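The block underneath contains the structure these notes are about, expressed in structure tokens.
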Amino acid sequence: MDSALIPEGAKRCSFPKFTIGIAIVGAVVLWGVYAMFLCWFKGLNQTNMNDYYGFALWIWADLAVIAVGGGAFFTGLLRYIFNVDELKNIINFAVIIGFICYSSALLILAIDIGQPLRGWFIFWHANVHSMLTEVAFCLSCYFAVLTIEFIPNILENRQANKVPFFHHLAHNMHGVMAVFAATGAFLSFFHQGSLGGVAGVMFGRPFAVREGLLIWPWTFFLFTWSAAAFGPSFTLLVTRITEAVTGKKLVKDNVIHLLAKISGWMITTYIIAKIIDTIYWTYVTIPSLGFKISHFYTNNSFYGYWILITEIIVCGLVPGLLLINKSTRENPNTRLLAIVLGVIGVCLNRWVMVLQIMAVPVMSFDTWALYIPSWQEMATSILPIAYGVILISLAYRYLPVFPQELELNQPKADQ
Amino acid sequence: MKVDRRSFLGLGLGAVAGVAVSPVGMKLTDDSSIWTQNWPWTPVPVDGEVTYDSSVCSLCPGNCGISVRKIDGRPVKIEGLDGYPINNGGACLHGIAGLQYLYDPTRVKTPLRKNGDKFEKISWKEAISLVSGKLAEIRKSGSPEKLACITDKTQGSVSQLFNHFLTAFGSSNYFDMPSLESFLELTAQTLHGKGKTLGFDLENSDFVLSFGAGLIEGWGSPVNCFKANASRKERHAKLFQIEPRLSNTAANADKWIPINPGTEADLALGICAVMLKKNLFKAGKFKGSFNKFVAMVQKEYSVTKVAETTGIKANEIEKIATLFAKAKMPVAIPGKGRGNGGQSLKEFAAIHTLNCLAGSLNKKGGAFVMAMNEYLSFPKAIMDEVAEKGAGKTKIANSVNELVEKLNGSSKPIVDALFVYNANPCYSLHDPKRVKQAFQKIPFVVSFSSFLDETAMEADVILPSNTFLERIEDMPSQAGLARNVIGLTRPVMDPVFDTRNPGDALISLAHGLEGTIAESFEWESYEECLESVTADVWDSLSEEGYVLVSQGPPKGNPIVDFTYLSANPSTIQAQGDLELMLIPIDNMRLTGTAPMASPFAIKTVSDKVLTGTDIVVEINPMTAKGLKDKGYATLTTPVGSAKVKINFNEGIMPGVLGMVKGLGHTCDNKFVSNKGVNVNDLIGPVIESGSGLDAAFGIRAKISKA
Amino acid sequence: MIHDKKAHKFGMVIDLDKCTGCGSCMVSCMSENNVPFKEDESRKKDSITWMRVYKLTNGKSFPDTEVVYMPRPCQHCGGKGDHGHSPCVSVCPATATEYGHDTGIVSQIYTRCFGCRYCMGACPYHARYFNWWDPEWPEGMENYLSPNVSPRMRGVVEKCSFCYHRYQAAKDKAYYEERETIEENEYQTACATACPAGAITFGDLNNPSHKVHQIVKPDPHPDPMNKDVVGKSRNPKIFRLLERLGTNPKVYYLSEREWVRKAGDNYLDGEWDKVKNHHGSSSHE
């Protein structure tokens, strides 16, 4: 029924089947939208946040989604600036994932602030000393960049491409994409870092605070690094899921292995830096403030050393090594394990750097605070995932996202 | 004109681009932020001229002077009044929250009449005629003594006006609720003679031996005590606090001496014994079986016996006795918690005897035996024959508790009508359900309450009173204050609702009854009455807002009569035989008597006392076998049982459970009511023979996982 | 408008031995500053109390248990080196909170705050409160609201302002009376005036004639043991909460009891005994 929109030569499932799929995910989206309106009209008492947990599930979701969306900028940087040509076969998809991640982040922020109608004050009354200001500006600019990077792919839709203006526009945009990729990488470096800076500059919170270089705490660099490291893993994970759902191979193995190898090395070097940072923080920073590391991992019912070990070893060092090592990298099962662990690891890191900070008591007579999100928070956090599924479905169905798709899916020769 | 797709797109894009560069976007975003400042449901308080009014707070017997800041005549803040001889600028949280009482929408806004089990609004005219009609019937029946009255105190013109009314009516059945003042008066009467009360010069004493008195938790005149306590450091004065739990007073004291609940009298007599034995006492005008007392106390309250009873080591008791006796200006303070509720005469007398033996009577820093206030000059009530007959009959009971007992015990009504003013016996007496039962036997109950509290709910008619911020009244100091001050509560604004001064209501009632009763109430208004009955002091009272009648030690050395104690009255035991002891706790941030705590006060209550609607009970971890900290439990006493939450607290003796007073209200105020449990529901009265007082200090209890 | 010629540093010292835990400071603050109240205020993590009284214990078991009450207003931190980079001020993305270099007071603009709550995360004292609900007053109770302090709307952060409106009123009065300076007793916070035990002393830490300066004797030099710390009290019985973090708060606490002073900060095993008598640099003012 919609075959006129489908890329030439590509096979897609039937339109009714597609519609049903979209409708099911759409219901989840509607649930999330309902929760969103509840929060906007009734206020943030719809959440389980409180004065100890000013930053909670949404901020974690924000940070996590931006971290995993780092595949977009990093892949773009590698493709356009470092001319890793093979990555052209996955860059479109990485951009779409990035677009979804960043639009979700902006949406969550619009719900999370207490006075959404005043949200623009962050631009108008900007405080240059605040990390969040940096985040807001760069996030918005980068989202614009991602949109610009996404547009050519949209314009390459079979019908849109017929319009000469769109055809030429797309072609020309491809030509100057390097500029946008560079801009995107530059912006990403700063906002990924600033999100880390959000935690690292809080010198009132020993769990978060880090020393650093000039005005940038070490968490700044660790966040950028981890986003560049785990973002590609997320891209690979979503590709793998898409391949499973569509039943097609969409990207050649050599591209996958290349991106996995790059991700693996980035992860491993990141983890080494993270371990050094953690050791320094444990033995130099916090003792100078009167704390032992056990203060942050004991005497409460949730945050134990398990979370540190899981983040750094199980979901950090292990995936890194699995992806560096050729045999485990090229084995689809161990590679899948590695990228899943990796994505969990970066999400865990973002959880720790938002929620564990809030939970830890600082005054000696203060107590641990624990928190469970409300259904409204969960619905609005699942909303981006559902919306992402829909957007990827639409993009995959109607746009030539994967250049190697047709080549990999030639009709089989008759037996 | 044909609009094809291209031109449509072009037009559309052009329009969008045009709007984007126009000021529309900026204007709308700016407007939206202004909307967020002006939502109609965010109040904008109106500004105006600032003025300050002085008055006296009467929420508790402390009677602190207050300063009320007003904007265009609208009170917005209450603070303590600098220079006022009781509190000198300080105020407690309840007084500061006074405006929440004034403007409380759940107040009784107009007179009410009970119809079935609902109240309906009536006018003052109707209400007065209804009440005076019923009262006239009682007089007609020839038993005017069946009109009874319960108020909070006996002093002050309003209380005396109620008494005056009853006398002219023909009844002597005027009762005041048990209060620190009533206990101090009784103690003074027992030891020193009629017409006396006690004051304690805390701000000058160098050694305060407090037997559970909540000196910084609302005992006496709270702010006066706070200040006396705060100056301890500079004056190098010591405070020893004797009580079963680490109250705030104990925590602030120089030494906390844990004691088995209910054994304070024994300890006091034990200390007396030590002082007498070691000749550490100062001789005074000791009359009435002093020698008998000495013999009794050394026999029955030897250090070993007392150590056993109280749980305090013998050498510790001797040390306390020595320190107390050798201090320059020692004073011993009776009255557990706020000093109201269940207290025993033996305990008060025994503790005060320490002051007598230490030579602290009428000395700086000691205990003052003060003459009761005599500044009021009421005209004699004009009584007709009916009145003479009725007033001549003996009082039907000697206390509110005894009244309740008699009401419950008799099959025919002994009270036909009851006035209740500024008291909430259906909440603040032990085992309130028996009080409610008793009140239900009274055919006509008239409440003068401003709030629909538990007692007002039992009334047939409510004649609502102005709150203290809306009325004029004399406030004589009491409750252990070492100086005698008469304050003047003044209205800071006209009544918010259709309420009246209780004095005005009484005058209207009297006029409604005509005859000699009306003749006894010649005044047109309460204000006129006040001015006339305080004639001796009115000029300075109305000009300054207070009269400092006396301060400093009273002259003369009072006699001390040991008759009562020498007979060794028995120490009250807690009711029941369960393994643990439940004691009530007086928490500064709550009130155990009328009125209830305000929303601000409830807001300050710790989550270790109240979580949601669950009251939290203190228990030492050692006692809490099988119980979980912050978990639920069922607390059972011989009187009742309740679901509670548990708080493990090292600051309470093992074997003892602590529950705060002041929660568990059942009135219609969502901020304050239906939270927690009324501890009085779990404790029953234990009448002390001789004094007739309900001396229950607690009750035996058990607790198990819910 | 009066322009103060000399920079003030308004602060307070709270004598924890005098504090009774009565809660008058809490109620006076709420009454003065139009703080709302809800039906259930027992969930202290979303109960707005600009001034909050904490209850500390020495952790010992019966009968050696000791308890102290600690009133905690906003600490009006000066930040590391006391240069005005309070933990909260540095992180607010909309400059809705600012450090006043002329008063030392950290202000809050309710109408600019858009409720991101970053400042709340940054504050280790939990002195900042969020309006999770729209404040509502029972019918008639809005009459007692003061026109000197704006009632807030939901979705914004609020906190103790050291009763800044009283400072403005004092300045106005001085201006009308053609005076340049305001007297110590003309600007006092609601909590300080309310405290019936006189435990709170408020004033200008920079003014040698003010009581708070005389009691605290703040050392204007950086602490040799921690150069981010300025204004440490020369009295070893006076401490500040979490002083080691370098927040440089303006609220000082006094206690004769060692365990109370130790509870004011965090120490490694054995560290307390080395530093407990340290009181500022050796130079004299």
Side-chain angles (χ1 to χ4, degrees), chain A residues 42-47 49-56 59 109 112-136 198-199 201-206 208-209 286-292 295 354 357-358 361-366 369 371, chain C residues 43 45-48 54-57 70 72 77 79-80 85 87-96 111-126 128-134 153-157 226 228 241-242 244-247 262-269 271:
Chain A
K42 288 195 163 183
L44 292 177
N45 55 74
Q46 296 290 298
T47 68
M49 289 192 281
N50 53 48
D51 296 330
Y52 272 59
Y53 265 101
F55 280 177
I59 298 296
L109 279 177
D112 182 53
I113 55 179
Q115 282 280 348
L117 287 175
R118 294 183 195 167
W120 57 282
F121 284 178
I122 201 169
F123 302 112
W124 193 251
H125 295 292
N127 171 10
V128 300
H129 298 293
S130 170
M131 286 285 173
L132 263 189
T133 308
E134 207 287 330
V135 169
V198 163
V201 294
M202 293 203 280
F203 65 94
R205 296 277 185 170
V209 75
I286 55 173
S288 72
L289 304 171
F291 293 95
K292 283 194 303 225
H295 176 89
V354 170
I357 300 173
M358 296 297 142
V362 184
M363 293 188 289
S364 73
F365 46 88
D366 210 349
Y371 142 93
Chain C
R43 286 185 325 263
K45 293 200 171 78
D46 56 44
S47 180
I48 302 178
Y54 285 91
K55 185 174 180 182
L56 281 66
T57 172
M70 181 181 274
R72 187 240 62 222
C77 304
K80 289 192 178 178
H85 298 300
C88 56
V89 170
S90 349
V91 301
C92 173
T95 49
T111 44
R112 187 182 290 185
C113 172
F114 60 79
C116 76
R117 308 180 300 284
Y118 191 4
C119 60
M120 292 172 67
C123 176
Y125 305 104
H126 297 293
R128 286 170 163 277
Y129 297 90
F130 190 71
N131 282 283
W132 300 100
W133 285 264
D134 260 305
M153 65 293 292
R154 73 160 194 248
V156 303
V157 172
N226 183 344
D228 289 329
L241 283 177
L242 300 176
R244 297 176 78 160
L245 295 180
T247 49
K262 186 173 178 204
D265 214 326
N266 294 284
Y267 299 94
L268 302 170
D269 297 329
E271 212 179 358

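None of the values given here were measured: they were computed from a predicted structure.
- For V128(A), no part sits under 4.5 Å from any heavy atom of chain C, backbone or side chain.
- Between the side chain of T95(C) and the main chain of N127(A), no donor-acceptor pair closer than 3.5 Å is present.
- Residue R118(A) holds its CZ atom at 4.5 Å from CE of M153(C), rounded to the nearest 0.5 Å.
- Of the inter-residue distances, the one linking W133(C) atom CH2 with Q46(A) atom CD reads 9.5 Å to the nearest 0.5 angstrom.
- For chain A, the nearby part of Y54(C) is the side chain; its heavy atoms alone come within less than 4.5 Å.
- H126(C) is linked by a side-chain hydrogen bond (donor to acceptor under 3.5 Å, both in side chains) to D366(A), counting only residues two or more places apart in sequence or in another chain.
- With a 4.5 Å cut-off on side-chain heavy atoms, F130(C) and M49(A) do not count as touching.
- Residue V157(C) does not touch chain A at all, counting heavy-atom pairs closer than 4.5 Å.
- Atom CZ of F55(A) is separated from atom CE of M120(C) by 10.0 Å, given to the nearest 0.5 angstrom.
- When all heavy atoms are compared, the tightest approach of G204(A) to P124(C) is O-CB, 3.0 Å.
- Across V156(C), T111(C), D269(C), the residue that shares the most heavy-atom pairs under 4.5 angstrom with chain A is T111(C).
- Here the closest non-hydrogen pair linking G264(C) and S364(A) is N-OG, 4.5 Å.
- Minimum heavy-atom separation, S130(A) to Y118(C): OG-CE2, 4.0 Å.
- Nearest approach of N50(A) to K45(C), heavy atoms of both residues: CB-O, 3.3 Å.
- The backbone N or O of W132(C) sits less than 3.5 Å from a side-chain atom of N45(A), completing a donor-acceptor pair.
- Interatomic distance, SG of C92(C) versus NE2 of H129(A), reported as 12.0 Å (0.5 Å rounding).
- Heavy-atom pairs under 4.5 Å with chain A peak, among E271(C), R244(C), K55(C), at R244(C).
- Side-chain atoms of D112(A) never come within 3.5 Å of backbone atoms of C116(C) as a donor-acceptor pair (strictly under, hydrogens ignored).
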Report task. Could you check D228(C) against F203(A) for side-chain contact (heavy atoms from CB on, under 4.5 Å), going step by step and ending with a plain yes or no? Result -> CA-CA 11 Å; D228(C) 289 329; F203(A) 65 94; over 6 Å; no

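- Only the backbone of S288(A) comes within contact range of chain C, with heavy atoms under 4.5 Å apart.
- Residue L268(C) touches chain A through both its backbone and its side chain, counting heavy-atom pairs closer than 4.5 Å.
- Looking at A369(A), the atoms closer than 4.5 Å to chain C (heavy atoms on both sides) sit in the backbone and in the side chain alike.
- The backbone N or O of V362(A) sits less than 3.5 Å from a side-chain atom of N266(C), completing a donor-acceptor pair.
- Looking at M358(A), the atoms closer than 4.5 Å to chain C (heavy atoms on both sides) all sit in the side chain, from C-beta outward.
- For a residue to count as touching a neighbouring chain, one of its non-hydrogen atoms must lie under 4.5 Å from one of that chain's; by this rule S47(C) touches chain A with the backbone only.
- Taking chain A as the reference chain and counting heavy-atom pairs below 4.5 Å, the highest number among G155(C), P93(C), C77(C) is found for P93(C).
- Ranked by non-hydrogen atom pairs under 4.5 Å with chain C, the options T133(A), I122(A), T47(A) are led by I122(A).
- A donor-acceptor pair is defined here as one N or O able to donate and one able to accept, closer than 3.5 Å; no such pair exists between the side chain of R112(C) and the backbone of F121(A).
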Requested in this report: Would you check, one step at a time, whether the test side-chain contact (heavy atoms from CB on, under 4.5 Å) holds for L245(C) with V209(A)?
Outcome: CA-CA 10 Å; L245(C) 295 180; V209(A) 75; over 6 Å; no

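- With a 4.5 Å cut-off on non-hydrogen atoms, N226(C) does not touch chain A at all.
- Formation of a donor-acceptor pair under 3.5 Å by the R117(C) side chain with backbone atoms of Y53(A) is not found in this model.
- In this structure, CE on M202(A) lies 11.0 Å from SG on C123(C), to the nearest 0.5 angstrom.
- Of the two parts of K80(C), the backbone and the side chain both hold a non-hydrogen atom closer than 4.5 Å to a non-hydrogen atom of chain A.
- I48(C) contributes atom CD1, which lies 7.0 Å from atom CG of D51(A) (distance to the nearest 0.5 angstrom).
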